[in-house]
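Worksheet: the structure to be examined is printed underneath.
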Amino acid sequence: MNFQKIALAVALAGISLAARADFPEKAVTLLVPFAAGGPSDKIARDVAEALRKPLGQAVIVENTTGAGGTIGTAKVARAVPDGYTLLVHHIGMATAPSLYKDLSYKVPDDFEFLGLINEAPSTLISKPTLAANSFDELRKWINENNDKVNLANAGVGSASHLCGLMLQSALGANMTTVPYKGTAPAMIDLMGGQVDLMCEQATNAVTQIEGKKVKTFGVTSTERLKLPSMAEVPTLAESGLADFNVTVWHGLYAPRGTPPEVLAKLNAALRSALKNPDLIRRQEALGLTIIDDERLAPSGHKKYVIEEMDRWAKVISASGQQPN
Ligand code: MLT
């Protein structure tokens with residue numbers, strides 16, 4: 001390299017370092033790989049709002065849907081790693097590698113891990129007119145109708161899909177699954193009676209259960225929801241499906257290669273956002289828990305996602321589901 005080239009490289013490196021020091025200088029985009037109005041979208045919009053102050057910039061939410069969240073996730077894996085395009089994703093980050101043969105991205109290698117955001121219990125819900133009023137009656141109705149039962153989900157690898165897989169294997173049932181681009185559009189069809197059943201995170205389910213727009217037959221996580229309106233709803237494990245546990249989490253990710261200084265600023269901003277009292281109040285009102293442990297650190301988050309990948313790989317293999 002001659003002197004001029006060295007001088008140019010040094011100057012460019014200086015500009016790039018300055019740009020990192022000034023990060024963020026423009027709006028940051030949070031990409032959600034599911035439909036607007038669903039659980040992932042709702043948490044992303046709450047976090048976007050709470051990130052505005054610590055980042056000092058606008059934070060925009062964009063939805064890129066399809067294929068159980070893998071299309072949007074691939075888009076972020078390919079984005080310029082400058083901190084301006086981030087991904088809000090859920091357990092699908094850990095399950096897609098076991099469910100898709102030709103995934104165009106690798107987990108964890110293609111991402112930087114910024115921190116875990118929340119844990120969301122989930123519920124088993126049905127159309128309001130379903131001819132069952134308890135889990136035992138539902139079980140009987142499923143046995144009688146088997147493949148005529150329509151089970152909605154947000155695509156292969158989504159939380160609703162995984163919960164549905166586990167439900168079918170626990171009941172020995174073989175329902176007809178109906179994929180949507182997110183559980184927001186699926187919820188509209190469930191309330192209208194076009195589909196029969198769905199597992200849905202408390203984020204989106206509690207309001208509809210309270211408004212009697214859907215029926216509920218159980219909580220899919222290990223504990224009942226800590227909300228007065230849901231206190232009488234048992235867990236599926238209490239109703240006889242031993243060890244049934246689908247608890248959804250959401251995290252924040254950047255493309256691999258995002259500079260460490262930018263990642264440190266984003267993690268600090270996320271920590272500050274998750275202390276925002278409005279965000280905490282909105283999440284708790286829906287039975288969700290904001291994370292405040294080692295999983296909010298990039299290394300702890302990455303370790304947890306790798307553990308979840310192992311755990312779900314075993315569950316998926318036991319369910320007999322073949323990769324797409
Ligand atoms: C899911 O089932 O994975 C979610 O509900 C996705 C979504 O946010 O729509």
Side-chain angles (χ1 to χ4, degrees), residues 30-48 61-73 75-76 87-100 107 116-126 150-168 175 177-191 195-209 214 216 219-221 225 236 245-253 282-283 286-288 305 308-309 312 315-316 319 321 324:
L30 302 190
L31 189 141
V32 174
F34 293 103
S40 308
D41 182 70
K42 282 182 180 157
I43 180 64
R45 283 176 201 275
D46 274 359
V47 170
V61 173
E62 181 187 306
N63 303 80
T64 297
T65 64
T70 58
I71 294 177
T73 307
K75 192 169 168 185
V76 175
L87 172 73
V88 173
H89 200 0
H90 65 12
I91 53 175
M93 194 74 179
T95 61
S98 297
L99 286 163
Y100 289 88
V107 186
L116 210 63
I117 299 170
N118 72 354
E119 275 178 334
S122 198
T123 57
L124 175 61
I125 55 179
S126 81
N150 288 319
L151 177 66
N153 68 37
V156 171
S158 65
S160 42
H161 168 251
L162 295 158
C163 181
L165 263 188
M166 287 176 65
L167 182 70
Q168 292 182 85
M175 306 177 201
T177 50
V178 186
Y180 290 80
K181 289 185 185 300
T183 44
M187 181 66 91
I188 293 171
D189 277 6
L190 189 74
M191 292 191 296
V195 283
D196 300 314
L197 285 177
M198 177 164 72
C199 287
E200 177 58 317
Q201 295 165 57
T203 330
N204 214 21
V206 165
T207 320
Q208 313 303 353
I209 295 167
V214 294
T216 181
V219 173
T220 71
S221 318
L225 265 69
L236 293 189
N245 178 17
V246 178
T247 302
V248 187
W249 44 259
H250 289 87
L252 187 64
Y253 309 88
R282 275 203 294 276
Q283 294 282 301
L286 294 168
L288 277 64
V305 172
E308 282 285 274
M309 286 170 75
W312 278 107
V315 173
I316 289 163
S319 77
Q321 171 87 16
N324 267 19

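Each ligand, and each atom within it, is numbered from 1 in the order the structure gives. All residue numbers in this chain count up from 1 along the given sequence.
Among S122, S160, P185, the residue whose heavy atom sits closest to atom 2 (O) of ligand 1 is S160.
Residues T177 and Q168 are in side-chain contact: their nearest non-hydrogen atoms beyond the backbone lie under 4.5 Å apart. Within the 4.5 Å cutoff, side-chain heavy atoms of S40 are placed close to those of H250. Within the 4.5 Å cutoff, side-chain heavy atoms of L236 are placed close to those of L167. Between L197 and N150 the shortest side-chain heavy-atom distance does not fall below 4.5 Å.
Distances below 4.0 Å separate heavy atoms of G182 from the following atoms of ligand 1: 9 (O). When each atom of ligand 1 is checked for a heavy atom of S40 under 4.0 Å away, the hits are 6 (C), 7 (C), 8 (O). Atom numbering of ligand 1 starts at 1 in the shown order; those under 4.0 Å from a heavy atom of E200 are 5 (O).
By the 3.5 Å distance cut-off applied to N or O atoms, A159 is counted among the residues near ligand 1. Between H161 and ligand 1, not a single N/O pair is under 3.5 Å apart.
Residues R45 and D41 are paired through a salt bridge, judged by an N-O separation under 4.0 Å between the basic side chain and the carboxylate.
With a 6.0 Å radius and a threshold of 12 heavy atoms from other residues, nucleotides or ligands, K181 has its NZ atom at or below the threshold.
Summary of contacts: the protein heavy atom closest to atom 9 (O) of ligand 1 is T183 N, 2.8 Å. In this structure, atom 4 (C) of ligand 1 lies nearest to the protein heavy atom Q201 NE2, 3.4 Å.
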Side chain to side chain donor-acceptor pair (under 3.5 Å) between T183 and E200, worked out: CA-CA 7 Å; T183 44; E200 177 58 317; 2.6 Å; yes
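Taking a 4.0 Å cut-off on heavy atoms, P39 registers as neighbouring ligand 1.
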